[in-house]
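As structure tokens, the structure follows; a few thoughts come after it.
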Amino acid sequence: WFASWDFSYSSTFKDADKGAYYFGGRFVSPSGWGGEWNVGANYGIIDSDYASIFFKLGPSYSVAISEKVLLNTSFCFDAGVSSTPEYTVKEFYDGHFAPPGGTWVDVKKGGDTEFSWGLSLNPRLIFKVGEVYPQAGLTFVWSKDTKKINTGFVIALGF
């Protein structure tokens, strides 16, 4: 059996600085089958246009490439809740109750919360360095909202 607790950073290649941090774990049985789960967020940790919290959960399969290298691939259900912050902007208003010539008014925007979900394929290499497991891999995420596959990367440190 192999098991690890992981701290990960994952992002798309396009916005490599606007990804998210995860905490999670994985286990692998002697037959190679196992599972993975992760909980992540980007609240205040990185510069992003939205705040979110999400999770990944799914089965995985692993193959030992050598005594110190494991190829692990998981197929996960991904779900998340994201929100944009509420903010105020000045807009020019010249409608029915505005003074002659119009006026500038404060208009509140944002504050929207959305639930999204998708599926992801996550191949990664896990290296064994003593009791520490550095990891690097790719992510292929299909989102219900965009109906597209986004590609990205993941780097992690497991224990």
Side-chain angles (χ1 to χ4, degrees), residues 1-89 109-159:
W1 284 87
F2 169 80
S4 70
W5 296 102
D6 304 330
F7 295 97
S8 306
Y9 177 78
S10 182
S11 182
T12 63
F13 290 115
K14 180 181 167 191
D15 294 313
D17 62 335
K18 295 185 179 181
Y21 291 87
Y22 292 89
F23 172 73
R26 71 186 65 253
F27 68 92
V28 179
S29 72
S31 67
W33 289 101
E36 174 181 340
W37 65 271
N38 289 282
V39 176
N42 68 353
Y43 286 103
I45 299 174
I46 56 168
D47 182 25
S48 182
D49 298 332
Y50 61 94
S52 63
I53 187 165
F54 35 83
F55 72 91
K56 299 169 77 71
L57 177 67
S60 68
Y61 187 75
S62 298
V63 175
I65 294 176
S66 74
E67 190 175 301
K68 304 264 184 195
V69 180
L70 188 69
L71 173 62
N72 176 268
T73 301
S74 61
F75 182 70
C76 292
F77 171 77
D78 300 10
V81 177
S82 63
S83 62
T84 54
E86 189 173 282
Y87 60 96
T88 303
V89 295
K109 295 196 174 196
D112 300 324
T113 299
E114 296 179 3
F115 174 80
S116 60
W117 66 272
L119 301 171
S120 64
L121 182 65
N122 311 284
R124 69 171 66 185
L125 290 172
I126 302 174
F127 303 92
K128 182 178 182 188
V129 181
E131 294 299 317
V132 178
Y133 307 105
Q135 304 168 32
L138 301 173
T139 60
F140 303 93
V141 181
W142 174 85
S143 169
K144 177 194 164 289
D145 296 336
T146 63
K147 306 277 193 282
K148 294 189 312 186
I149 295 177
N150 291 312
T151 59
F153 67 91
V154 60
I155 55 174
L157 196 57
F159 300 94

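Basis for what follows: all heavy atoms, side chains included, without hydrogens, waters or symmetry-related copies.
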Original post:
Looking only at heavy atoms, which two atoms of L138 and V154 are closest? And how far apart?
Top reply: N-CG1, 4.3 Å
**OP:** Flag the pair Y61 / T73 as yes when at least one side-chain heavy-atom distance between them is below 4.5 Å, and no otherwise.
**Re:** no
**OP:** Please tell me if the side chains of V39 and Y22 come closer than 4.5 Å, counting only heavy atoms from C-beta onward.
**Re:** no
Original post:
Going by heavy atoms in the side chains, are R26 and L70 under 4.5 Å from each other?
Top reply: no
**OP:** Considering non-hydrogen atoms only, spot the tightest contact between S11 and T139 and give its length.
**Re:** O-OG1, 4.5 Å
**OP:** Find out whether K56 and S10 are in side-chain contact, i.e. whether some heavy atom of one side chain is under 4.5 Å from a heavy atom of the other.
**Re:** no
Original post:
Which word best sums up how the rings of Y133 and F2 line up, parallel for under 30°, tilted for 30 to 60°, or perpendicular for over 60°?
Top reply: perpendicular
Original post:
Hey, does I65 have a side-chain heavy atom less than 4.5 Å from the side chain of F127?
Top reply: no
Subject >> Side chains of V132 and L157 in contact at under 4.5 Å (non-hydrogen atoms) >> reply: yes
**OP:** Measure from the side-chain N and O atoms of S120 to the backbone N and O of N122, and report whether any donor-acceptor pair falls under 3.5 Å.
**Re:** no
Original post:
In Å, rounded to the nearest 0.5 Å, how long is the span from CD of E131 to OG of S4?
Top reply: 11.5 Å
**OP:** With side-chain contact (heavy atoms from CB on, under 4.5 Å) as the test, would you mind laying out the steps for W1 and F27 before giving the verdict?
**Re:** CA-CA 7 Å; W1 284 87; F27 68 92; 3.8 Å; yes
Original post:
Quick one: does F55's side chain get under 4.5 Å of W37's, heavy atoms only?
Top reply: no
Original post:
Taking the inter-plane angle between the rings of F153 and Y9 on a 0 to 90° scale, is it parallel (under 30°), tilted (30 to 60°) or perpendicular (over 60°)?
Top reply: tilted
